[in-house]
Structures are given as structure tokens and as C-alpha cells.
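Note that these values count all heavy atoms, side chains included, but never hydrogens, waters or copies made by symmetry.
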Protein chains: 2
Amino acid sequence: MTIAHEASERLMTPGEVAAMFRVDPKTVTRWASAGRIGSIRTPGGHRRFRESEVRTLLDGLTSEAHH
Amino acid sequence: MTIAHEASERLMTPGEVAAMFRVDPKTVTRWASAGRIGSIRTPGGHRRFRESEVRTLLDGLTSEAHH
DNA sequence: CACAAATCGGGTAATTAGGGGG
DNA sequence: CGTGTCCTAATTACCCGATTTG
């Protein structure tokens, strides 16, 4: 069912994801190549990323201080 | 049978297809000109795209992250 | 018929892909 | 082993005025 709705997912460009993690866009590309994050290719070969997956990944890597 | 029912096939505008891939509508028309995606012309010259073809294309270019 | 929004065309910037090397 | 940078080629984004759409 998730796959059936992937078309309605909001997508992000490599540059937008890079700005979110404060890394170089090339690094985001490497994450995609390594399979660390899912990606959708345009017919021209450019990558797009699911916003929900990016947020989930960001939250999963977040650690709070003990206070 | 698919061809026989092409009149019932849902058509999409360049803007709708662009939103699915997160690209500019102009980019979609370039895909059509390059033959990367099939297109139908209105009598006025505007392009329309088959929904089934767009979804198939999108699914084929989608890759999941390996967990 | 008038109107707003979208999609023609073309042209020119800005991103991205990919390999290579530090 | 992951990341940032340099490079070239390819793809995509934004600009305009004119036309089509609904």
C-alpha cells in the first residue's frame, strides 16, 4: 500500500536534502548510491528524495542530551 | 484490449506529471520531445500524457533503501 | 466574448551526475 | 571509510511573449 501512494509523496531535490543535513549535495548522492536512503530518478537521471523518508532518517539519527 | 479502450485512459497535463517527479513542467515537455515518454497532442498543440505510462515509468525509476 | 491559468516556443542561468584524487 | 573539492557533460530551472485551455 505504501508503494501505491509513492506518487503522492512530496519529493525533495538533492540540494534541499543536503541543506537539511548541512552536507554537500554529493554526499547525499553517495547515500543514495549506497542504499542508505531511497531515491526516485527522473527520466533524465537526476535524483529526488521522499520528504517523509528524509525526516524519518533525520529523526532516527537525532540524540537528545540527558537532563 | 488496452488499445481498444484508449478513450477511457486517463490523461495527465504536463503540470500534473511535473508535480509527480518534482520537476518543472517544461522538463516534462523535453522528455516528450526526446521520446523518453509518450505524449498526445491536443488540436491546439498542448501535450497530454497517459497516466498508466507515467505511473509505470515512476515505479521503474524508484529504488528503496536496503535496511 | 472576456477572463485567469496553463502551456506552448525559444534562450539563458543554476543543479546535478559521474569520475577522479586528496 | 566517509566527506569535500575540482572537472566536464548533461539535465533541469527560470526568464520572456504568444497561444491555448477551461
At 4.0 Å (heavy atoms only), tell me whether Arg30(B) reaches a base, stays on the sugar-phosphate, or touches nothing.
base

Does a side-chain N-to-carboxylate-O contact under 4.0 Å join Arg22(B) and Glu51(A)?
no

Take the C1' atoms of the five end pairs on each side of the helix from dC3(C)-dG22(D) to dG19(C)-dC6(D), get both axes, and report the angle to 10 degrees.
60°

Hey, does the side chain of Thr29(A) come within less than 4.0 Å of dA17(C)'s phosphate (OP1/OP2), counting only N and O?
yes

Closest approach to the side chain of Arg48(B), judged atom by atom: which nucleotide of dC6(D), dG10(C), dT7(C) is it?
dT7(C)

Output yes when at least one side-chain N/O atom of Trp31(B) is less than 4.0 Å from OP1 or OP2 of dT11(D), else no.
no

Do the side-chain N or O atoms of Thr27(A) get closer than 4.0 angstrom to the phosphate oxygens (OP1, OP2) of dG2(D)?
no

Go through dA13(D), dT11(D), dG9(C) for me and flag the one nearest to the His46(A) side chain.
dT11(D)

Any side-chain N or O of Arg36(A) below 4.0 angstrom from OP1/OP2 of dG2(D)?
yes

Under 4.0 Å: is that the gap between some side-chain N or O of Thr42(B) and OP1 or OP2 of dT21(D)?
yes

Would you mind checking if Glu64(B) and Arg50(A) are paired as a salt bridge, meaning a charged N to carboxylate O distance below 4.0 Å?
yes

Counting only distance, no hydrogens or angles, is the base of dG11(C) paired donor-acceptor with the side chain of Lys26(B) under 3.5 Å?
no

Is a side-chain donor or acceptor of Ser63(B) paired with a backbone partner of Ser39(A) at a separation under 3.5 angstrom?
yes

First locate atom CZ of Arg47(B), then atom CD1 of Ile37(B), and finally report the distance between them rounded to the nearest 0.5 Å.
11.0 Å

Out of curiosity, Thr27(B) OG1 to Arg36(B) CZ, how far, rounded to the nearest 0.5 Å?
10.5 Å

